[in-house]
Amino acid sequence: MVVWKPKIIAFTCWCSSSGVDQAGFEGFKYPANVLTVRVPCSAIVNPSLVVKALQEGADAVLLTACKPVELRKIAPSRITEARVSLLRRLLNTVGVEEDRVRILWISSNEGGIFASEVSRIVEEVEKLGPLNLRGKMIEQP
Amino acid sequence: MRLTMPSRNRHKGGVEEMGLNPYIPKPVKIIRVKDETPDTKTITIGPKPFDEFTPGQFAMVTVYGVGEAPFSICSPPSDNNLQFSIRKMGSVTTAIHEASPGDEIGVRGPYGRGWPLGEMRNRDILLVGGGIGFAPLRPLLLHLLENRNKYGRIAVCYGARSPSLLMYRDEFEEWMKQGVDLYLTVDVGEGDWKGNVGVVTTILDKPSLNKAETIVCTCGPPVMIKFVLKKLVELEYSKENIYASLESKMRCGVGKCGHCHFGSKHVCIDGPVFKYDEMATLPKGMSPF
Amino acid sequence: MSSPETELRRLARSLLEKKAVDLVIGYEKSEAGVRPCFISEPNEAERLVWNPDCRLSLVRYLRGFKEKRVGIIVKGCDGRAIVELIKENQLDRRSTFIIAVECNGVYKPVKYGSSKLGRQIAEYCEKCEVRISPIRDHLIKSDVKALERPSPKNDGEPLDWLSLFRKCLRCMACVRSCPFCYCTECSIEGFKPALVHKLVDPVELFTFHLTRALHMAGRCVECGACESSCPVEIPLTRLYHELNEWFREKYGYVPGVNLEQAPPPLVFKEGEKP
Amino acid sequence: MRRTTVLLCTCGSTLLDKIDFDKVRNELSKKPLVSRVEVVDGLCKSSVVKNLSLKPSERIIVAACSSRFLEAVFKSLLSISNVEFVNIREQCAWACENKEDASLKTIRLLSGSINKVVRIGLPKSHEDLKIVREALVIGGGIAGVRCALDIADAGYRVYLVEKEPSLGGVMAQLDKTFPTLDCSICIEGPLLSETGRNKNIVIIPNSEVVSVRGMVGDFRVLVRVNPAYVDPEKCNGCGECANVCPVYQPNKYDVNLKPVKAIYCPFAQAVPLKYVINKDYCIECGLCMNACTRAAINLEDKPKMLELNVGAIVVAVGSDLFDPRLKPEYHYGEYDNVITNMEFERIICASGPTGGVLLRRDGKPAKRVAFIQCVGSRESGQGIEECSYYCCAASMKEARLILEHDREAKVFIFYNELRAFGKGWEDLLYRRCLEDGIVFIRSRPSEIKRSLNGNLIIVYEDTLTGKRGELEVDIVVLALGFKPSEKLAKLAAALGISVDDKGFIEEAHAKVKPLETRVRGIYVAGTCHGPRDIVESAVEGSAAAALVISLFRGESIKLPETAKILENKCTGCGRCILMCQYGAIIRDGEKIRVLESICNGCGACVSSCPQEAVVLGDWGIEQLAPQISGMLGD
Amino acid sequence: MKMFSIREENLKVFLRELSLKHVLIAPFKRDGYFEFDVLRNPDDFNVNYTNTRLSPKRFFMPQRQLVFKHYPRKGFTEELKENSSVVLFGIRPCDASALSVLDNVLLNPPHKDALYENRRKNAIVVSLSCTKPMTECFCNVFETGPIRGTGEDLTFTHTSKGFVVEARTQKGIAVIGEFGELFREADGEMLNEYNKLIREVLDEMGSRLKVDKTRLIGIEKEAGEEFFQLNAQRCIECSLCSFACPLCYCFETEDYWEKDSYVRFRGWDTCISPLFTKMASGLDPRVTKADRLCHRFCHKLSRIPLTFNAYGCVGCGRCVSLCPAGIDIREVLRKWG
């Protein structure tokens, strides 16, 4: 029997992707079904891409970004934060569990946090079960 | 809803099996890629996936994973390989321009109605081409030269925007050697161009042919065809004997997809070569008049 | 007091006679009900009608007449669309003469093969709070008494959106009828096979509808043009309403009610929890 | 056809037992679009890469370690731009529990990259910008002069724009500098004259920057040159004109304490040493014109506009001091003997109005002097609310100057916290102050009163002892805090750079890009981006010069990827403008435009555009969506 | 052909039997309107159903269909064939006639559309006459209904005494033979009622719209540009009319690649789209919306007839009812037909 493992897409910004690299460098292990897509900044990720990832078979999508510093006026990841919130509302409305889309604050020296957070999220997504949008969109109930 | 269970039916791509589904291209290898003009390449593919065709017919060329488009065959029927001259335009042509020998493309055809070879016997023939539009005329010209004694005088009027955009330049000399009256013109001269400058209609009066009996074959951009037809009639060529090759978007090549259905004609079946009076029945936009 | 229809015709005629506008976009009677019409001669103004079948927003037609001075008949929601379009720099307020007609709700369309008994007010009209365009050059009050609004349905009852999306043909009627879909190249039409392919793969209908919802979020004025054009009756307005609610909760922004209020940048202020 | 080469690196064979390279190779070879798969050992060695005979036109996927190391090898060494990097070492080999997982993850990540790399057009054009190797320095204070000299010494032409008739700035007005009590003009003077002599420096006095267009490497700067009424080409600084001039005016250089003629040269060491006329006082009698042997005077002189084309700009305009009139309890301007520290500098200076003798306004010698610190700083609601940096040291220096002049004098310093932390500040300054018997009182005096004899009485509460007291002195010197100069905001707007909430120029990053502004190619030095002392201003001048020089040393400028707007698609809805936190997108008439020099490449605009009319590198939906499909497509 | 009959109560038995041997597709109500789909429970079938919102075209020409798969390193092309036998029960005569038009176009030699032929060959089409045509219908114009169409294998007509069943093809006769015990020959009384019904319905429809079809051929010239321009103003360029039409056959192809192969799909296209005739070079013989609208109408009323000897419209009325902008093909027919 094939054990189902969730597939997770993680959009990682420049900073957090070097955090992801650091996780490997320091020898932190995390589930292999987390696949990273490197982008320059989390704000470049169009929410439609997150939707597309779910459609293509991802069971969850993470956006890892730099935590906005409190006093800095400019922080594009605040945009990501808002978009994720909007997207979760939308997914919730159409009947997809909103926890399948999350934002994670990971900076470039937080590989350990990445590894542990991702492991926790994978467990949670396992509890949610497969999303299987292809099945839901094509086959009759 | 799962309506049916798909069953798999594999083809080795043989000619006999191609008859089953007209939409399946046959994979062929690219043998040569030649730069014709700055934006046009001539690709040679082989071996020829079908035996016979009439000059002026076209084939559907597939770049796997990218798309399919119709191209005039520009090599003569006697050739063992097939050639297409392809100008970089959209996604398919761009992909072909990136191709190199050994790459695989798909071909199906030949489709459409070619030039009226039967009508041409023992008559004078005038070919009028513009830019990339010379591609469907080249197989005709080469075919005529291979059977030189069966036809009368052969004249070619060929124009392009600039000298570097004239295709098949390396063959001009050979054509003339074999008795072709070749008249060239360009819209804008450049470099050491000493020939005629002006649109192709300015040289149409140069060939001395038996106008009433001459078969005229023309191909080029729609505007050019429009003015060439007008000029030909002015020069007292017989409307009966004027043919032009038109182009249109196509998806199937066999009259099913509806894209080239203009008036009561399908460009893919009733064309691409149309007679003068047939063109007059085409709806506005498609008709050169 | 004359009927709104008479007033409408009189106004359109005088606007055209005075050459205050080049044409008036309104509704005329058709065999199947009511359809958009484009009046440029004063004596054609008699063709104009006004009734609860005038549901298709005419605002989407404005982009076809950018060079002309246009008089347009708008309901409350259509007016909100105009407000939002002005903010998005898509409309020249000065070349548009807005004829606001008080709207008491429109009927749901009766489509091929559905039973024709009884006319029902459209669901999105039940929720409507803006019955008169917030932006206007002329107001025509209605003498028709408000269409009976059944007690608003329980919105809490969730719809099976995925099975609704499954019915979609991706005919693009929702996009094409929408006042806001003025993009020159719609990203979900499949010109470039990135989000969706040119040919309709049913699983991509999920991406199609969610992307469209994201594009409409915070802009949709809930005029119902998409929903009433939809051949398979997907209640799209309800989906977009849900996202509009998010904007209202987070930023207090309601599209189309206030020309001065700029659309919010999609950013959380400090300390706000997503 | 869009074919792809995949290079798998075994990292010195260390990854062989972590990833099943044969399996990866087999799986990838089956894919459409993959033309070859190579397993290589050590892609970080350029010799290895060269042996692969890769063509610049190939689409290449590099599956190795972190791209930070490899980008250089591929992008610069081989000038291959269509490369995608996949980190199979840190992200697969080292992060997965077992070989099977790592291999599967490798295949998935690579499948995504294969799908992405073919969506990148061939070849990618890098838009390189030309560089105009000339610089503009705005402001001729110590920071600006130091900067101009350093750039000029590296061989580049510098335009030095100064609003006053002479270079020098605040430093030229000071008597001595702390902590060593060196003569200020004696150190700055030589620098100024060196600047004047330098062939690479064009000094443009009496002028202001009006507007700036263009971007890094190619700015067009419009400068207004105010009329001096004396032709600088002809004037040789002989001073005959001033001798005959019948009108006096207060000299700004001497903080209005000492009169000069209406046609004047601000100070003896001025550079350029040219006379100017102050039209506010000139009565146009024409005497100077008669006196001038070179006919240099033209009373009809008009402002001139000058367009400069430069590659880089350094802003070193300095700042203003707090206006003490805003603190009515100190009665500045009302009580004669309440003076500012700048006035003190001129009074104590040997070339000043009193020839260096500290006198009360009534002419009596000042025996008791008090300094009040933090006037207009470190106080909410007034001034800039933060430490003004220079004034503790400056007041201590000034206190010692008093004692140098008059051993008998008694000096008091009212301070809040004494901040003396620079090189030599402890031993040369603070300790000597204590030794000299200068009295430090920790207090912010609440009021200055005037006794009948004209003496000043400072009312204060000592915050160390809690005792209230009153102190009678001859002179009170107010140590004023810095504040942004009034014209700074306007200048910043003209330059397209931002100011912070206090009104000083904002740095690109306060820590790691302290001298860069949000506009590439515009740098900042000196007090215009916050309080500084002379040393730091000079350091920053040199540092900014170094930045300019390193910019000029490059062949061309490779701009980091910035957003581009596809004009044929853009509908002008402005959602990108709303999203851009850098203010890098503006509406320019009907069109929307990206200011490339401001754009930071975050891509918030890209994802806000509903029809992908904004693009940034290879990070659009068109590339990322296929990448995702590739990753998930098994 | 021979006329049979089946008792009303036996219809469900017939349907159940059919569904055991074939994939049975029939209309049933879902979300407020009727749609064709696999009928699992014969009780869901309603004899008096109003025609389906969308045409049954998709069972023969799906909205998207695989043409081939090509494996790059194996050198062969794979074509998917679907072989299960399908019964389309209860299709209206107009929609059935649309299939015969599709046959004319797509199976027109020398090149047959193999994908369509395959599905068509494996399908049995059973129509159910319209005895109460909808207001939008005008099938009488093209003689594609309301009682008999042209593309069906069997025609069922509901009368007070059960269904009159006409076998129209050999395939239809074979079906009757297969379920012989349920059918018997139609008696005279029944046939009388049947004939009366035909007359009544035709009279009713004829009073709505009468068209001189011989004039349709010239419509392209006669209609004039103004009419199309007027309608083009309101056309919003969605593809609803083409997608809903039971015989709009134009298709578009799309190529891409999957995990291990190149694939080509084909699927519905619409001539209303500005890209329909636009070539890669940017040239477009049909530039304006009015041109495209003109083509849509003329294609149906004169161009298909001239080329394929069948009308390109069966009068089902779907485009009339569904068009968001109220564009009405009946206007063309009434004005110039």
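In what follows, chains carry the letters A, B, and so on, assigned in the order in which the sequence lines appear, proteins first and then strands, with residues in each chain numbered from 1.
- In terms of heavy-atom pairs under 4.5 angstrom with chain E, the leader among B/H261, B/M286, B/E68 is B/H261.
- Contacts with chain B were tallied for E/L306, E/V263, E/T277; E/T277 has the most, counting heavy-atom pairs under 4.5 Å.
- Enclosure of atom NZ in E/K278 is not indicated, since only 12 or fewer non-hydrogen atoms of other residues, nucleotides or ligands lie within 6.0 angstrom.
- Residue contact with chain B, scored on non-hydrogen atoms closer than 4.5 Å, involves the side chain of E/F308 exclusively.
- Taking all atoms of both residues into account, the shortest heavy-atom contact from B/C252 to E/F251 is CB-CZ, 3.7 Å.
- With a 4.5 Å cut-off on non-hydrogen atoms, E/N108 touches chain B through its backbone and its side chain both.
- No more than 12 heavy-atom neighbours from other residues, nucleotides or ligands sit within 6.0 angstrom of NZ on B/K226.
- Among all heavy-atom pairs drawn from E/D255 and B/T62, the shortest one is OD2-CG2, 3.9 Å.
- With rounding to the nearest 0.5 angstrom, the NE2 atom of E/H70 is 4.0 Å from the CD atom of B/E104.
- Proximity of B/K256 to E/Y249: side-chain heavy atoms (C-beta onward) are nowhere separated by under 4.5 Å.
- Residue contact with chain B, scored on non-hydrogen atoms closer than 4.5 Å, involves the backbone and the side chain of E/E252 alike.
- Using a 4.5 Å heavy-atom cutoff, the side chains of E/Y262 and B/V66 are not in contact.
- Most heavy-atom pairs under 4.5 Å with chain E: of the set B/G90, B/A69, B/G65, B/G255, this distinction falls to B/G65.
- The environment of CG in E/N309 is sparse: at most 12 heavy-atom neighbours from other residues, nucleotides or ligands sit within 6.0 Å.
- Shortest non-hydrogen contact noted between E/T307 and B/G263 is OG1-O, 4.4 Å.
- Of the inter-residue distances, the one linking B/I24 atom CD1 with E/R264 atom CZ reads 9.5 Å to the nearest 0.5 angstrom.
- Formation of a donor-acceptor pair under 3.5 Å by the B/K284 side chain with backbone atoms of E/D291 is not found in this model.
- Taken to the nearest 0.5 Å, the CE atom of E/M279 stands 12.5 Å off from the NE2 atom of B/H259.
- Among all heavy-atom pairs drawn from E/F68 and B/P25, the shortest one is CE2-CD, 3.3 Å.
- For E/R64, the CZ atom sits in a packed shell: over 12 heavy atoms of surrounding residues, nucleotides or ligands are nearer than 6.0 Å.
- Contact record, B/E247 with E/L283: OE2-CD1, 3.5 Å, taken as the closest heavy-atom pair.
- Neither the backbone nor the side chain of B/P221 comes within less than 4.5 Å of any heavy atom of chain E.
- When side chains are defined from C-beta on, B/C257 does not count as touching E/R266, because their heavy atoms never get closer than 4.5 Å.
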